[in-house]
Amino acid sequence: MHLLKFDPQIAKAIQNEIKRSNSGLEMIASENYVSEAVLEALGSPLTNKYAEGYPSRRYYGGNEFVDVCENLAIERAKKLFSATSIIRRGLHANVQPHAGAQANTAAYFALLNPGDKVLAMSLAHGGHLTHGSPVNFSGQLYDFVHYGVSKKTMKIDMDEVRRIALAEKPRLIVAGYTAYPWKIDFAAFKKIADEVGAYFMVDMAHIAGLVAAGVHPDPMPFADVVTSTTHKTLRGPRGAMILCKKNLAEKIDKAVFPGIQGGPMEHCIAAKAVCFKEAMSASFVKYQKLVVKNAKKLAETLVLGGLEVIGTENHLLLVDLTKLGISGKPAEKVLESVGIYVNKNMLPFDTRSPFDPSGLRIGTPALTTRGFKEKEMEIVGNLIVKVLKNSRDEKTLKSAKKEVEKLTKTYSLYPKLEYA
Ligand code: DSN
C-alpha cells in the first residue's frame with residue numbers, strides 16, 4: 001500500500017506488468033518467474049547495507065547479518081553445483097557479480113591480460129556479446145577468435161574447435177551459449193584446452209538450472225571457471241555468480257571486488273541463497289525434467305505444423321522461418337500481438353540482419369514454472385503455427401488471442417501481490 005499511496009504511477013506500471021505477465025505466454029528462453037520467497041528477499045531492507053569486501057572481511061561495520069546471508073549463498077551454491085563431495089571440497093563460489101556480463105568480465109580480468117587470445121563461439125552461432133563481440137568490451141580488450149556450428153549438423157564440431165585451438169593457441173577457451181539448443185560436451189572442450197595449455201571457462205547462464213538438476217552434463221568437473229546468471233533456468237533473482245577451482249579463488253574474488261565492482265547487492269545475494277535452496281529440492285529436479293520434455297513436445301508440434309526447428313536437447317529451440325515467408329521481426333511482433341512472447345534470433349549462417357533475422361528463439365522455462373505440461377505445450381505449439389501461418393488474418397489473430405487468454409486463466413501468477 002505504501003507504493004500505491006506515494007507513487008501511483010510506478011504502482012500502476014508494476015500492476016500492469018503483473019497483468020501483462022498473467023495474461024500472456026512467456027516463451028523468451030532466458031526468462032522465468034521467481035517465487036514469492038525470492039521476491040520477499042529482493043524487497044528486503046538488506047538493500048540498505050554497504051558491504052564492500054567479503055564475509056568477515058568488510059570495509060564497513062554492521063555486516064553481521066549480511067554475512068549470514070552471503071555465507072549461506074556461497075555454501076548453497078557450492079553444494080548445489082557439486083555432484084560429488086570431492087568437487088565440493090575443491091570448489092569456490094563468488095555470489096557478488098551483479099549480472100552475467102559482470103561475471104564474465106571478472107573471469108576474464110582474473111585469467112587474462114589485455115590482448116590475450118580467447119577462443120569462443122561466435123555471436124551469430126549462439127554465443128554471447130561478452131564472448132568477444134567487437135561492439136562489446138570483450139572484443140575490444142582481448143583478441144577473440146571464434147568457432148561456430150557445422151552447417152550440416154547445426155552442432156559444434158569438436159574437430160573444428162580443436163583445429164582452431166591448435167592453430168591459434170588461445171590462453172582461454174569459452175563454452176556456454178545463449179542460443180544453442182543442444183547439449184555441450186564439456187569433457188571434449190577440456191581435453192582440447194589441456195592440449196593447447198589454455199584455461200577452460202564455461203558460461204552456463206542458460207542451462208544452470210538444468211545442470212543443477214542433473215538433466216544437462218555438468219561443467220564443474222572440467223572447467224577452471226564457471227560463470228552463470230541466477231535468473232534464467234535457475235529461476236532466481238536477476239544476478240550472477242562465479243564458481244571456480246580453489247587455486248583461482250583469490251584471483252576471482254579480487255577481480256570481482258575491488259577489480260570491477262563496488263558494494264555488492266546484499267538483498268539480491270540473499271535472494272540468490274533462497275533460489276539455491278529451492279533448487280536443491282526434489283520438485284526443482286522434476287521441474288527441470290519437465291522444462292526439457294516441454295521443449296521437445298513444443299518442437300515436435302511445430303515440426304508437425306510445418307515449421308523448421310533446430311534442436312532441441314535443452315530448454316530452448318530455434319525456429320527457421322525462411323520457408324514461411326516471414327522474417328523474425330514481424331514474427332515476434334505478431335506473436336506478441338496475441339500475447340505470446342518470444343524473441344527474434346539470428347540463425348547460424350543467417351544472411352539477414354540481427355534487427356530482422358530469419359529465426360525465432362523459443363524457450364519453455366517460464367511456462368513450465370507456470371504449470372504447463374506437454375498437453376498444454378501442444379496447444380501452445382499449434383497456436384504459434386496458426387499465428388505464424390496466418391499473420392495477416394485479423395480473425396485468426398483475434399481467436400488466437402482469446403485462446404491465449406483462456407490458457408493463462410488456469411495458471412495465475414502472483415495472486416497475492418497487490419500494488420494497486
Ligand atoms: N539476454 C540474455 C538472453 O536472452 O539469452 C543473454 O544475456
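Start at 1 and go down the list; that is how both ligands and their atoms are numbered. Scope of the values below: all heavy atoms of this structure, side chains included, with no hydrogens, waters or symmetry mates.
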Exercise for review: For T178, counting its heavy atoms only, list the atoms of ligand 1 lying under 4.0 Å from any of them.
Suggested key: 5 (O), 6 (C)
Check your understanding: So, is the end of the R163 side chain (NZ or CZ) under 6.0 Å from the ring centre of Y147 and within 45° of the ring's axis?
Key -> no
Point to revise | Ligand-residue contact atoms, ligand 1 with R361, heavy atoms, under 4.0 Å | key: 3 (C), 4 (O), 5 (O)
Check your understanding: Side chain, backbone, both or neither: which part of E31 comes within less than 4.0 Å of ligand 1 when only heavy atoms are counted?
Key -> neither
Review point. At what distance is the nearest protein heavy atom to atom 1 (N) of ligand 1, and which residue and atom is it?
Key: S30 OG, 4.7 Å
Please tabulate, one pair per line, all N/O donor-acceptor pairs under 3.5 Å involving side-chain atoms of residues 201-208, not counting sequence neighbours.
{"unit_1": "D203", "atom_1": "OD1", "unit_2": "A205", "atom_2": "N", "d": "3.2"}
{"unit_1": "D203", "atom_1": "OD2", "unit_2": "N104", "atom_2": "ND2", "d": "2.9"}
{"unit_1": "D203", "atom_1": "OD2", "unit_2": "H131", "atom_2": "NE2", "d": "2.9"}
{"unit_1": "H206", "atom_1": "ND1", "unit_2": "H315", "atom_2": "NE2", "d": "2.9"}
{"unit_1": "H206", "atom_1": "NE2", "unit_2": "T178", "atom_2": "O", "d": "3.4"}
{"unit_1": "H206", "atom_1": "NE2", "unit_2": "R361", "atom_2": "NH1", "d": "3.2"}

Check your understanding: OG1/T301 to CD/E378 distance, rounded to the nearest 0.5 angstrom?
Key -> 5.0 Å
Exercise for review: Report the nearest protein non-hydrogen atom to atom 7 (O) of ligand 1: residue, atom name, distance rounded to 0.1 Å.
Suggested key: H128 NE2, 2.8 Å
Practice item. Considering only non-hydrogen protein atoms, determine which one is nearest to atom 5 (O) of ligand 1 and report residue, atom name and distance to 0.1 Å. Key: H206 NE2, 2.7 Å
Study note, to complete from the structure: for atom 2 (C) of ligand 1, nearest protein heavy atom and its distance come out as K232 CE, 3.9 Å
Review point. Any chance OH of Y59 has more than 12 other-residue heavy atoms, nucleotides or ligands included, within less than 6.0 Å?
Key: no
Review point. How long is the gap from CG on N294 to CG on L298, to the nearest 0.5 Å?
Key: 8.5 Å
Point to revise | Ion pair check, K296 and E374, cut-off under 4.0 Å | key: no
